[in-house]
Structure formats: structure tokens, C-alpha cells
Amino acid sequence: MPYSATAAGRTRSFADLKTLLARASPARSGDALAGIAAENEEERAFARMALAEVSLARFLEEPLIPYERDEITRLILDTHNGAAFALIASLSVGEFREWLLDPRTDTATLTRAAPGITPEMAAAVSKLMRNQDLILAAQKCRVVTRFRNTLGLPGTLSVRLQPNHPTDDVRGIAASMLEGLLYGCGDAVIGVNPASDSLQAVVRLLEMMNAFRERCEIPTQTCVLAHVTSTLRAIERGAPVDLVFQSIGGTEATNRSFGVSLSLLEEARSAALALHRGTVGDNVMYFETGQGSALSADAHDGVDQQTCEARAYAVARHFQPLLVNTVVGFIGPEYLFDGKQILRAGLEDHFCGKLLGLPMGCDVCYTNHAEADQNDMDSLLLLLGVAGVNFIMGVPGADDVMLNYQSTSFHDALAVRQALGLRRAPEFEAWLERMGLADQHGTLIGKGAEQNLLPGAGEWLS
Amino acid sequence: MAELDRTPASDLWKQLRRFTPARIGLGRVGASLPTQPLLAFDLAHAQARDAVHAPFDAQSLARELRSSGFAEPVIVSSRARDRMEYLLRPDLGRTLDEASRSRLRDLAESAQPCDLAIVVADGLSAMAPARHAVPLLREFLALQTAQPSMRDLSKNVTVIVAKQARVALGDEIGEVLGAPVVIVLIGERPGLSSPDSLGLYLTWAPRIGRTDAERNCISNIRPEGLPYADAARRLLYLLAEAHRLRLSGVALKDLSEDASRSLP
């Protein structure tokens with residue numbers, strides 16, 4: 001069905017909903033590379049005007065990727081909650097933006113509405129929103145998840161401790177873990193990206209991190225970010241798996257390129273649940289996403305990269321994850337060209353994920369061939385802190401020496417806490433105090449505190 | 001003042017830094033980095049940025065290759081006209097421009113059949129091939145000369161120096177030359193601690209449209225990473241196996257990793 005907008009005596013038409021969404025999307029290099037971006041700023045403005053008039057109900061009638069050939073489309077439509085949708089069913093996309101920003105739409109209302117919101121509705125409304133809108137609306141969403149601690153409570157910000165090492169050296173990983181913990185990082189998860197995907201290496205790291213956590217009695221979860229099939233095999237071998245990690249995308253074909261499907265993810269989740277390792281909750285999945293993955297896999301089907309990203313959140317939502325992390329600037333400048341595009345994408349992803357009811361975190365990051373630097377990351381980190389992001393990464397000195405990109409550092413986490421008064425997960429903060437690493441306000445003790453952790457951690461550092 | 005919060009790089013952290021190249025033990029002033037590690041980070045980032053944008057001196061690299069015993073290299077360009085277009089349009093970096101394509105076609109018609117195409121490319125770091133391609137290829141040549149069977153497999157080697165190139169440009173080059181196998185030496189995405197990492201990709205029966213799953217990769221080739229001699233040994237192994245199995249990629253990968261561990 002064609003869509004159109006008229007202004008100043010001129011009319012522009014758009015062939016279908018997915019074209020309209022692509023043309024309305026704020027400028028980014030990936031959509032230009034895919035050949036689906038607006039041809040100029042005026043076309044983009046017209047597209048936004050036309051999109052504002054589209055009824056939310058329309059998104060249930062016109063799937064962007066046909067129901068018959070995409071299991072994510074089927075998931076979105078088959079699990080759509082009509083009762084929740086009733087709250088917003090009468091609205092157009094433009095009215096939906098106003099509804100989100102209306103003070104009467106509070107946290108409880110947003111939580112009730114979430115199962116009625118599809119990824120396409122979230123993506124569509126985000127395209128009409130300024131960065132400021134994305135922050136104000138996301139701030140009102142709250143998503144709390146639990147495994148060995150409680151993540152996402154108001155006034156908190158958690159950190160994934162990311163102790164990567166170029167050759168998976170156990171001592172090197174333990175050294176980075178030790179320092180991260182001393183900086184009060186690691187409440188979201190202690191999660192390592194393995195350099196080798198071999199089962200042996202994965203199991204070795206799982207065992208080491210689990211033993212470290214147990215020795216130091218840390219109320220957190222550990223994870224080796226291996227492919228889901230490796231994690232399944234590790235579980236079969238009896239390895240201590242807290243969380244199942246997987247990168248996911250927003251089309252069936254993207255997930256096929258990642259070697260996953262909904263049924264495989266379901267199988268992995270069941271296997272992790274059967275271990276009963278969570279102490280305060282059973283959110284056992286950890287997903288990573290990022291705009292551009294569908295195009296990179298040549299699997300976008302003409303859908304713009306931000307909408308594809310939002311569709312990945314439908315996959316995540318189905319499995320009640322502990323953590324969802326948009327790795328926003330990792331993919332490179334052909335998808336997100338510069339600091340401005342990365343910043344916008346980070347805010348969009350966080351907003352869309354939260355609106356859909358996900359525990360959104362963000363890997364605030366960039367590569368050296370993108371037009372971005374630490375100052376851009378400082379801006380995005382602070383804005384996400386204001387928006388209420390559930391968690392960020394903690395990488396020693398912001399330099400990931402295995403994946404070769406820059407993320408946020410242990411220092412950055414302290415800085416955003418200091419600027420915004422954000423605390424850690426309560427169980428983790430109590431542990432920091434008990435171990436003499438922080439005082440009752442969560443302020444780090446600093447000098448000499450390492451002596452309190454060394455009795456537990458020393459085993460891996462000799 | 002600041003000293004209250006400053007955690008100096010104690011003996012412990014000096015010791016732990018032996019285990020990892022990660023930036024641990026930097027100390028802090030309040031929430032922030034002390035000035036020295038702040039400036040060290042800036043320098044590393046500047047070097048990585050410069051590596052992405054550094055001009056690629058194809059002529060002098062071609063001269064060096066010739067004086068190292070290779071036949072006169074052919075210089076080609078992708079369809080990406082400048083660095084900006086290269087970064088934004090990976091598709092153009094995977095395609096030869098018209099002049100380059102016809103030059104290679106002429107070469108293929110006039111010369112003897114090519115046994116092996118070696119493409120030396122700028123990729124995302126021109127510093128990487130400028131520093132490491134020639135030393136690596138010298139090691140490779142020496143190893144190959146010592147093994148008669150390998151010498152026979154690669155009698156007619158065509159060396160190409162490629163500008164604004166992505167890995168897959170090797171597929172088109174190999175296809176036009178009719179080479180049974182192509183090796184692409186290319187600058188990897190610069191990391192903060194590795195602005196000049198060289199990557200090597202081997203593709204059997206190169207032709208346009210090959211996927212990354214059909215290649216074998218040796219990465220991080222540089223003295224601080226994988227040394228030249230080790231990389232050359234692995235390359236020779238991959239090349240022999242590719243000829244034996246008549247394929248490259250996933251099916252060859254596991255074998256090579258097992259075998260390279262047992263190599264001297």
C-alpha cells in the first residue's frame with residue numbers, strides 16, 4: 001500500500017511501509033550503502049510526515065518481511081498481545097510519540113503496554129523522535145532482571161566486566177578481572193569474549209571464572225561469549241554455565257548467518273534453566289545485537305538497519321534475557337559513519353529495547369576507522385546514563401586488546417556514577433562493602449584494597 | 001587532593017601486566033585517568049587513525065618486491081577512488097576499476113598460466129603491508145625454495161599490488177588471471193595497540209562471489225604478534241593442503257590448526 005505526504009503544494013509518495021520507514025530513518029551510512037536511504041533531506045522530511053500519519057494498527061496488517069518466509073515476523077505477530085495493544089491501538093505513529101512523552105504515561109503504563117508494542121512500531125516512532133525525546137521516554141521505562149543479583153533498579157547502573165585477552169591466557173584474564181572488581185565493575189556479568197571458539201578453551205574459561213567467583217563469593221554471574229552451540233556442548237560436559245550468550249539479528253536470514261534459530265535458542269535456554277544456578281532469579285540469556293548486522297549478512301530484505309535492529313529485540317524478548325547489549329559502534333563506518341551516527345543509534349537502540357520491555361545495555365564503542373573518538377563516547381555514555389541504561393561495558397583502559405576496538409573503561413563507569421549519582425546492583429554493592437573494597441555509599445576505598453581480594457584471586461595470578 | 005585517590009602502579013600491577021597487554025594498573029585520580037596514561041592513549045589512537053588514512057606507496061612496495069626476487073608486480077586499483085569512498089563503500093573496494101581489469105586481462109593472455117597470485121593490498125592499514133609484506137614473502141620464498149614439491153606448484157607467480165582494496169578484490173584478480181589460488185596480504189583494521197597488523201587470506205579457485213567461509217586466514221602478522229617465519233610456515237602448509245584437497249576455507253581450517261601446532 002502506498003503512503004504519501006503533501007506540504008507546500010508538493011506531494012511525495014512511498015511504495016510501501018518498509019520503504020517509508022527506510023526513507024524516514026535519520027541519515028546513516030548503512031542505509032545509504034543498502035541503497036534504501038532517502039535521496040535527500042527533503043525526502044526524509046516528507047517520509048517522516050507521512051509516517052506520523054500511519055496508524056499503529058497498520059503495522060499488524062503489513063509485515064515488512066512476509067510471514068511465510070521469516071520466523072521472526074511470525075514470532076512478532078503470533079505473540080502479539082492484543083489486550084496490551086488496546087492501550088495504544090487508536091493512535092497514529094505521531095500520536096504515539098506524544099503519548100510516550102505525556103507525563104500521564106508513567107512507568108506502570110509503559111510496562112503494561114510493552115507486550116502490545118511490536119518492534120516496527122517502536123522503530124517507527126523512534127524515527128520521529130529527537131535524541132531528547134528518546135532519552136525522556138526511555139527514562140520512564142524500567143526493566144528489572146535477576147540471576148544472582150538484581151539488575152535495572154531505579155538509580156542503578158551495572159557494568160559488564162570484559163577481561164578479554166588476545167590468546168585467552170587465564171592469568172591475563174584473571175588480572176583484568178581483579179582490577180575490574182577493585183573498580184567496582186562486574187555486577188551485570190563477568191563476561192569474556194574467547195579468542196578461540198574451541199570447546200576446550202571455552203570450558204577452561206568457564207571453570208576458571210566460576211572458581212574465581214566462588215572463591216571471592218561474588219554475587220554476580222559469569223559468561224563466556226561463545227557461540228550458543230559451544231555453550232550447549234559445554235553444558236553437556238558439565239561445565240558451570242550461568243548464562244547462555246548469543247549474537248542475534250532481526251531477520252531469519254541474519255540469524256541463519258549467525259548459525260542460530262529460534263528453536264536452537266529455546267533449546268539452549270531450557271538447558272541453562274535446568275542447571276538451576278540462579279539464586280534470586282532465572283533470567284539466563286545474554287544477547288548482543290547491533291545495527292548493520294542484517295545488511296552485513298546480506299539479509300536485510302530492504303528493511304532499514306534500525307528497524308532490523310528493533311526486530312532483533314523481538315527475538316530477545318521471547319527468551320526473557322538477563323542482559324541485552326547493543327554493541328553500537330563495533331561494526332564500522334560503512335554502517336555508522338561517525339560519532340554523530342553512533343550516538344544517535346545508541347539512543348535509538350536503548351529506547352526501542354526498553355520500550356519493548358528489554359533489560360538494555362549498551363557497548364558504547366567505536367573502531368579506529370570510524371570518525372569518532374573518546375569525546376564522542378563520553379557524550380553517549382552520559383546521555384545513556386541519563387536515559388537509564390541498565391548496563392555498560394568495563395574494559396581496562398577502554399582498549400579491548402582482543403577485539404581491537406575501544407569501549408568504555410572502568411574509569412568511565414566511575415565517572416558516570418560520579419556525574420549522575422548512580423549505584424550498583426544492591427547485592428554487589430553490599431559485597432563490595434563486605435570485602436572492604438567500597439564504603440557504605442559505594443565509594444571505592446582505593447589504595448590497598450587489592451589485599452582484600454588477593455586471598456581469593458591469587459590462585460590464578462602466580 | 002588528587003593524591004588521596006591516586007592508586008599508583010604498584011609492584012603488584014607491574015607484575016600483573018606481564019600476563020596481559022590490557023591497560024591494567026593505570027591508576028586513577030578520582031574517577032579519571034592520570035595525565036600520563038591519558039596522553040599515552042591519545043598517542044595510540046592517533047597512530048591507529050593515521051594508519052587508516054596513511055597513503056599507500058604502491059610504487060615503492062613494487063620496487064621492493066622486485067628486488068626481493070619476485071617478477072615485476074602489477075599495480076591495480078579498486079573502484080573506490082579515495083579513502084572516504086573506500087570506507088563508506090566496501091562493495092567498490094571489492095571490484096577492480098576498468099583500467100586495472102583490462103591490464104590484468106592482457107597479462108593473462110600474453111603470459112604463461114599463473115600458478116599463484118599474490119596480492120599485496122593496503123586494506124585498512126597501509127602501514128601493515130609497507131612494513132610486513134616483503135619480510136613475510138622473503139621468508140615464504142626461502143621456505144618454498146627449500147621444498148621442491150612446493151616449488152613446482154608455484155612456478156609462475158604473479159604479484160599484484162592493489163590500492164583501496166578489500167579482501168575480496170583478490171577473487172576478481174584471481175579469476176581474471178585464471179590462477180588456481182590467490183593469497184591476499186592486507187592491512188587489518190588497526191587496533192589501539194596494533195596499528196600495523198597484516199592479515200593473510202588464502203582462497204582456492206578464486207572467483208567473484210566467494211564467501212569468507214571459503215577462505216583461510218592468518219592474522220596479526222607482525223613482529224609483536226605472529227612472527228614472519230611462523231606465518232610463512234603456516235602459509236606454506238595451507239598452500240600445500242589447498243592443492244591437495246583442491247579447496248580452502250572451513251574444511252581446511254581445522255586441519256591446518258592441528259598441523260601447525262606440530263610444525264617445528
Side-chain angles (χ1 to χ4, degrees), chain A residues 29 32-33 163-167 169-176 178-180 182-183 196 198 296 332-334 337 367-371 373-374 395-406 409-419 443-444 446-451 454 460-462, chain B residues 3-8 10 12-13 15-34 37-38 40-42 44-53 83-84 86-91 93 124-125 188-195 197 211 213 220 225 254 257:
Chain A
S29 47
L33 180 62
N164 293 350
H165 186 280
T167 58
D169 183 277
V170 164
R171 290 172 307 179
I173 288 170
S176 290
L178 175 68
E179 179 162 65
L182 289 170
Y183 274 78
S196 158
S198 89
S296 167
E334 63 268 42
F337 179 65
T367 60
N368 289 313
H369 60 315
E371 291 293 318
D373 61 21
Q374 292 297 104
V395 177
D399 174 11
D400 189 306
V401 292
M402 201 282 279
L403 294 171
N404 278 338
Y405 76 117
Q406 282 93 259
S409 65
F410 305 150
H411 297 76
D412 292 330
L414 286 183
V416 72
R417 287 189 198 295
Q418 183 178 318
T443 305
L444 297 180
K447 204 168 184 172
E450 63 270 18
Q451 297 309 325
L454 276 176
W460 293 276
L461 295 170
S462 49
Chain B
E3 209 169 348
L4 276 179
D5 284 322
R6 181 190 281 258
T7 314
S10 66
L12 172 70
W13 293 107
Q15 220 181 326
L16 295 183
R17 272 204 298 259
R18 287 184 298 135
F19 300 145
T20 177
R23 290 171 196 255
I24 57 171
L26 302 179
R28 64 184 174 91
V29 186
S32 308
L33 278 175
L38 176 80
F41 184 101
D42 284 352
H45 184 235
Q47 287 170 335
R49 294 284 297 149
D50 286 350
V52 172
H53 295 279
R83 210 56 182 158
M84 198 52 72
Y86 175 81
L87 289 174
L88 284 170
R89 294 288 305 272
D91 53 328
L124 282 165
S125 168
E188 292 179 336
R189 192 164 101 168
L192 210 58
S193 313
S194 52
S197 240
T211 68
N220 198 20
D254 294 339
E257 277 173 3

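Letters go in sequence order (proteins before strands), and every chain restarts at 1. The model shown is predicted, which means the values in this text are computed figures rather than measured ones.
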Review point. So what's closer than 4.5 Å to chain B heavy atoms on His165(A): side chain, backbone, both or neither?
Key: side chain
Exercise for review: Using non-hydrogen atoms and a 4.5 Å limit, figure out which bit of Leu124(B) sits close to chain A: side chain, backbone, both or neither.
Suggested key: side chain
Check your understanding: Just by modelled atom types, is the Gly27(B) backbone N or O under 3.5 Å from a matching donor or acceptor in the His411(A) side chain?
Key -> yes
Review point. With side chains defined as the heavy atoms from C-beta onward, is the minimum distance between Leu192(B) and Asn368(A) less than 4.5 Å?
Key: yes
Point to revise | Contacting moiety of Thr367(A), where chain B heavy atoms sit under 4.5 Å | key: side chain
Exercise for review: Grab the two heavy atoms, one from Pro90(B) and one from Leu33(A), that are nearest each other, plus how far apart they are.
Suggested key: CD-CD1, 3.9 Å
Check your understanding: Where on Leu182(A) is there a heavy atom nearer than 4.5 Å to chain B: the side chain, the backbone, both, or neither?
Key -> side chain
Practice item. Measure Pro166(A) against the heavy atoms of chain B and call it side chain, backbone, both or neither at under 4.5 Å. Key: side chain
Check your understanding: Excluding sequence neighbours, so at least two apart, what forms side-chain hydrogen bond (donor to acceptor under 3.5 Å, both in side chains) with Thr443(A)?
Key -> none
Exercise for review: Nearest 0.5 Å please: distance from the CD1 atom of Ile24(B) over to the CG atom of Leu178(A).
Suggested key: 8.0 Å
Check your understanding: What residues, two or more places apart in sequence or in another chain, satisfy side-chain hydrogen bond (donor to acceptor under 3.5 Å, both in side chains) together with Ser194(B)?
Key -> none
Revision key, fill the gap. Distance col, row Asp91(B):CG vs Glu334(A):CD, nearest 0.5 angstrom, shows 10.0 Å
**Study point:** Minimum heavy-atom distance Ala175(A)-Leu16(B), with the two atoms named
**Key:** CB-CB, 4.0 Å
Point to revise | Over all atoms of both residues, closest heavy-atom pair of Asp169(A) and Phe19(B) | key: OD1-O, 4.0 Å
Check your understanding: If you measure from CG on Asn404(A) to OG on Ser193(B), what distance do you get to the nearest 0.5 Å?
Key -> 7.5 Å
Check your understanding: Has the side chain of Arg49(B) got a donor or acceptor atom that lies under 3.5 Å from a matching backbone atom of Ala370(A)?
Key -> yes
**Study point:** Contacting moiety of Glu371(A), where chain B heavy atoms sit under 4.5 Å
**Key:** both
**Study point:** Interatomic distance, Trp13(B) atom CH2 to Glu450(A) atom CD [nearest 0.5 angstrom]
**Key:** 7.0 Å
Point to revise | Heavy-atom pairs under 4.5 Å with chain A, option from Arg83(B), Arg18(B), Arg189(B), His53(B) with the top count | key: Arg189(B)
**Study point:** Inter-residue atom distance Phe410(A).CZ - Arg28(B).CZ, 0.5 Å rounding
**Key:** 12.5 Å
**Study point:** Rounded distance [0.5 Å steps], CG in Leu33(B) versus OG in Ser409(A)
**Key:** 6.0 Å
Check your understanding: How close do Thr20(B) and Gly172(A) get, heavy atom to heavy atom, and via which atoms?
Key -> CB-CA, 3.8 Å
Review point. So what's closer than 4.5 Å to chain B heavy atoms on Asp373(A): side chain, backbone, both or neither?
Key: both
**Study point:** Part of Glu179(A) within contact of chain B (heavy atom distance under 4.5 Å)
**Key:** both
Revision key, fill the gap. Assert top hit (heavy-atom pairs under 4.5 Å, partner chain A, pool Val52(B), Asn220(B), Asp42(B)) equals Val52(B)
